[in-house]
Visitor: 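Take a look at this one; I'll ask things after.
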Amino acid sequence: MFVRRQTMADGAIHDEEVLEAPARGSADELLDAGAQSDLDAMRHSTAHVMAEAVLALFPGTKLGIGPAIADGFYYDFDLGRPFTPADLEAIEARMRESVAADHPFVRREVPLADARAVAEGQAQAYKVEILDDLARRAAAAGEPPPVTSFYEHGTFSDLCKGPHVASTGRIGPFKLLSVAGAYWRGDEKRPMLQRIYGTVWASGDDLDQYLWRRAEARKRDHRRLGVALDLFSFHDVSPGSAFWHPKGQTIWRTLETAMRELQLRRGYQEISTPILVDKKLWQQSGHWDLYDANMFRLQSEDHDFALKPMNCPESTFIYRSKIRSYRDLPLRLNEYGRLHRNERSGTLSGLTRVRQFIQDDAHVYVRPDQLADEIEAMLGEVREAYSWVGLVPRFAFATKPDKAIGDPALWERAEALVKDALDRAGGDYKVKPKDGTFYAPKIDIYIDDALGREWQMATIQADLTMLPERFDLTYIDEEGSEQRPIAIHRAIYGSLERFIGILVEHFAGAFPLWLAPVQAVIIPIADRHQDPSREFAAIMRARGLRVEVDVSDGRMQNKIRVAQEQKVPYMMVVGDREAEARTASPRTRAGEQQPAEGWEELAARLAAETAARRPD
RNA sequence: GCCGACAUAGCUCAGCGGUAGAGCAGCUGUUUCGUAAACAGCAGGUCCUCGGUUCAAAUCCGAGUGUCGGCUCCA
């Protein structure tokens, strides 16, 4: 499944696992020895077999690392040139030979110094570096150099903590998937290696199912469906920025309207602030130093400006436009501001990674004693909004990163308050150390979509530093003295672009009635049914429904097919019977035929369904 | 940004040194039809851009632009 692996904790624990791992054993025994699953062990073993094949076919290749990952494995190689598709086929064939030969995996423990000598002898520079790192880490912890382990199968041997399956014959059906460049240790200043990705499963059925899931994910790809459903497009005149077509914009406005309704109920007030902002603001906020690489800058009349990458600093101008009393708080200011972030060209991707986007952003200024209640209420906002589209949020608590501004004491206080709110809201959450923003600890909200893929969506940040301190925000308390408010930054959909992209894939383009850009298509059978159809459409539109009449020259069957392909929730055929009786029997896009109803009743029923914002 | 691949009609794609093709969509005509494709005809292209090689370039080479797969899973 598309489950994201947890990142491992520190290295010391792994060293213990290494020492306890048996020299040989069944996959189950090895599992007991510390692998997350026998599947992981098998995936790791497959990576070894791939490395064996690569070394056999391309002697002198330097090995990077080759871990198991979600759904498969990879191995990084340095052979001085990229792999070709033909290389992959040859490697795969060579791997099958190794699997057929059923070589046992043998574990051998070697003192670190000896291992280093071996790796150096084989000119495996990356392995030498790994060993040196291990030695350095042990030294830093005041421990003796650890004993390392090698796993051998056939003539191949690789530095590896294990565990592995008993022999290469235990490796299930596999397939090499792709090659990609990958920097050594993810660092763009280091050499670029060639990474081969592969997948391996316990059974042929599992492999087929995985490949089917990949194919299904491709079919649901919002970039494909966005074109097919006429929602949006991208053009090289503005890379990373969507052009919204009428239907996509309808989805957008519908989501926005729903959120505005929620915000009104929760006491938010909407503001709007400029996009083009003087450098001095960004210097004051800290963005100029810490967010520099992500800002688009421009100059005019000797002034430096930047397009805003975030709305937050400007909202403080509205806060400070008058003296605030403790009675004014919480002050909830929301803004649908257009943001620009200069993402590196190679990272742009459809609607999920863009340079220009709009968030359903808000900044809520609270007294410290109000923070936990407010955050708890926001978690409720998230649950409500996500229920409209059938998503269930999960929460993660992200703490202070290394690159941060502000007084450490304030950070400590902010983290304690956020944690308190999370605990009070109940439910599980995981902790992501050092994953906060440079100005605030935060709660990140994740969902799993219909294909089980995890996405990061909303965020709630408790800021005691950037806005309150740097912009000197105050309120007057009961005693008449000045106090600092806390600023909560919060977005629920997050970026509307990204949210819609995820929804397209989640629903495979079949949006629920309340969100569908066209909610119903009325299909006249013959030309004489066009006027009655228009009359019916007018009744539907009077109820606020988004309805089209298909007056094209096609046959009814074809019109149904087109509406099906456009994933329109309801189709209403109008022929002699319907025109006469002023009724319609809706056909759903699931192919279900509903009983005939009068035009007025049907319009009222669909309008009520729309207002309910149900996710199905 | 870096590595690799790709870029042909609105869409999906074929053609891979010798004057540009299909299906769908579009337009026109015929058809007026009961719940997933009526029939016929027509039109549609600086083959991403710029430069080079060649008698000849969509095709080969180079540069640029954009898109896609990655660069975050740490023996």
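In what follows, chains are A, B, ... by sequence order, proteins preceding strands, each numbered from 1. Below, all heavy atoms of this structure are taken into account, side chains as well, without hydrogens, waters or symmetry copies.
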Visitor: Under the side-chain hydrogen bond (donor to acceptor under 3.5 Å, both in side chains) rule, collect the residues that match up with A/H340, sequence neighbours excluded.
Guide: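 Only A/Q356 meet the side-chain hydrogen bond (donor to acceptor under 3.5 Å, both in side chains) criterion with A/H340.
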Visitor: In terms of side-chain heavy atoms of A/S149, which of B/G70, B/G34, B/A75 is nearest?
Guide: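 That would be B/A75.
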Visitor: Indicate whether OP1 or OP2 belonging to B/A36 is found under 4.0 Å from a side-chain N or O atom of A/R587.
Guide: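 The answer is yes; a side-chain N or O of A/R587 sits under 4.0 Å from OP1 or OP2.
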Visitor: For a quick test of reading the model: is some side-chain N or O of A/R223 closer than 4.0 Å to OP1 or OP2 of B/G69?
Guide: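 Affirmative; the distance criterion is met.
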Visitor: Classify the nucleic acid contact of A/R555 as base, sugar-phosphate or nothing, counting any heavy atom under 4.0 Å across all strands shown.
Guide: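 Counting heavy atoms under 4.0 Å across all strands, the contact made by A/R555 includes a base.
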Visitor: Do A/E129 and A/R185 have side chains that approach each other closer than 4.5 Å (heavy atoms only, starting at C-beta)?
Guide: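 Yes - at least one pair of side-chain heavy atoms lies under 4.5 Å apart.
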Visitor: Could you work out, with side-chain hydrogen bond (donor to acceptor under 3.5 Å, both in side chains) as the rule, every residue matching A/R528, not counting sequence neighbours?
Guide: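 So A/R528 forms a side-chain hydrogen bond (donor to acceptor under 3.5 Å, both in side chains) with A/D576.
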Visitor: Just by distance, no angles: are the side chains of A/E52 and A/S98 close enough, under 3.5 Å, to form a donor-acceptor pair?
Guide: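 A pair is found: one side chain offers a donor N or O, the other an acceptor, under 3.5 Å apart.
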Visitor: Ignoring hydrogens and angles, are the base of B/G1 and the side chain of A/E343 linked by a donor-acceptor pair under 3.5 Å?
Guide: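 Answer no: no donor N or O sits under 3.5 Å from an acceptor.
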Visitor: Roughly how many Å is it from CZ in A/R353 to P in B/G1, rounded to a whole number?
Guide: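 Checked: the CZ to P distance equals 14 Å.
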Visitor: Over all strands shown, is A/D527 touching base, sugar-phosphate only, or nothing at heavy-atom distances under 4.0 angstrom?
Guide: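 Touches a base.
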Visitor: With a 4.0 Å cut-off on heavy atoms, is A/Q564 in touch with a base, just the backbone sugar-phosphate, or nothing at all?
Guide: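 Base contact - A/Q564 has a heavy atom under 4.0 Å of at least one base atom.
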Visitor: Please list every stem that involves RNA chain B, where a stem is a run of 3 or more consecutive Watson-Crick or G-U wobble pairs with both pairing distances under 3.5 Å.
Guide: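 So the stems come out as B:1-7 with B:65-71, B:10-13 with B:21-24, B:26-30 with B:38-42, B:48-52 with B:60-64.
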Visitor: Using a 4.0 Å heavy-atom cut-off across all strands, classify A/R528 as base, sugar-phosphate, or nothing.
Guide: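 Here A/R528 touches the backbone only, sparing every base.
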Visitor: For B/G23 versus B/A14, give the span between their P atoms, rounded off to a whole number of Å.
Guide: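 That atom pair is separated by 16 Å.
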Visitor: Donor-acceptor check, side chain of A/K127 to backbone of A/G64, threshold 3.5 angstrom: yes or no?
Guide: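 Answer holds: yes.
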Visitor: Could you measure between the two P atoms, the one in B/G62 and the one in B/A38, and give it in whole Å?
Guide: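 It comes out at 49 Å once rounded to the nearest Å.
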Visitor: Taking the six-membered ring of A/F438 as reference, does the cationic atom of A/K400 (NZ for Lys, CZ for Arg) lie under 6.0 Å from its centre and within 45° of its axis?
Guide: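 Relative to the ring axis of A/F438, which defines the angle, A/K400 lies outside at least one limit.
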Visitor: May I ask you to say what A/I525 touches in the nucleic acid, namely base, sugar-phosphate or nothing, with a heavy-atom cut-off under 4.0 Å?
Guide: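 The answer is base, as A/I525 lies within the cut-off (heavy atoms under 4.0 Å) of a base atom.
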Visitor: Whether the side chain of A/Y183 and the base of B/G1 hold a donor-acceptor pair under 3.5 Å is what I'd like checked.
Guide: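 When only heavy-atom distances are counted, A/Y183 does reach the base of B/G1 through a donor-acceptor pair under 3.5 Å.
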Visitor: Mark yes or no for whether A/T588, through its side chain, and A/E592, through its backbone, hold a donor-acceptor pair below 3.5 Å.
Guide: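 A pair under 3.5 Å: yes.
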Visitor: Protein-nucleotides 4-12 of chain B N/O pairs closer than 3.5 Å?
Guide:
none

Visitor: Report yes or no: do A/S167 and A/H153 form a side-chain donor-acceptor pair below 3.5 Å?
Guide: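 Side-chain D/A pair, A/S167 to A/H153: absent.
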Visitor: From CG of A/L193 over to C1' of B/C2, roughly how many Å is that when rounded to an integer?
Guide: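 So the CG-C1' distance, A/L193 to B/C2, works out to 12 Å.
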Visitor: Does A/D553 reach a base, just sugar-phosphate, or nothing at all? Heavy atoms under 4.0 Å.
Guide: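 Result for A/D553 = base.
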Visitor: Just compare B/A37, B/G66, B/U35 and give me whichever is closest to any side-chain atom of A/Q593.
Guide: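 It is B/U35.
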Visitor: At 4.0 Å (heavy atoms only), tell me whether A/G72 reaches a base, stays on the sugar-phosphate, or touches nothing.
Guide: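 Here A/G72 touches no strand at all.
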Visitor: Taking any heavy-atom pair under 4.0 Å as a contact, classify A/A182: base, sugar-phosphate, or nothing.
Guide: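 Sugar-phosphate contact only - A/A182 comes under 4.0 Å of backbone atoms but never of a base.
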Visitor: Do the side chain of A/Q124 and the main chain of A/T61 share a donor and acceptor less than 3.5 angstrom apart?
Guide: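 Yes, the answer is positive, given that a donor and an acceptor are paired below the 3.5 Å cut-off.
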Visitor: What does A/E129 touch in the nucleic acid at a heavy-atom separation under 4.0 angstrom: a base, only the sugar-phosphate, or nothing?
Guide: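 Here A/E129 touches no strand at all.
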Visitor: P atom, B/G51 versus B/A57: distance in rounded Å?
Guide: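 Going atom to atom, P in each nucleotide, I get 13 Å.
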Visitor: If only side-chain N and O atoms count, and only distance matters, is there a donor-acceptor pair under 3.5 Å linking A/W455 with A/D449?
Guide: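 Checked: A/D449/A/W455 side chains pair up, N/O donor to acceptor below 3.5 Å.
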Visitor: Check RNA chain B against residues 569-576 of chain A and give the residues with a non-hydrogen atom under 4.0 Å, in numerical order.
Guide: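 Within this stretch, A/V573, A/G575, A/D576 sit under 4.0 Å of the strand.
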Visitor: Which part of the nucleic acid does A/L131 contact within heavy-atom distance under 4.0 Å: base, sugar-phosphate only, or nothing?
Guide: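 Contact class for A/L131: none.
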Visitor: If only atom types and distance count, is the side chain of A/R341 paired as donor or acceptor with the main-chain N or O of A/P309 below 3.5 Å?
Guide: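 Yes; judged by distance alone, with no hydrogens or angles, the pair exists.
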Visitor: Does A/R224 pair with A/D221 as a salt bridge, N-O distance under 4.0 Å?
Guide: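 A/D221 and A/R224: not salt-bridged.
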Visitor: List the residues meeting side-chain hydrogen bond (donor to acceptor under 3.5 Å, both in side chains) with A/R218, not counting sequence neighbours, and say none if there are none.
Guide: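 Applying side-chain hydrogen bond (donor to acceptor under 3.5 Å, both in side chains) to A/R218 gives none.
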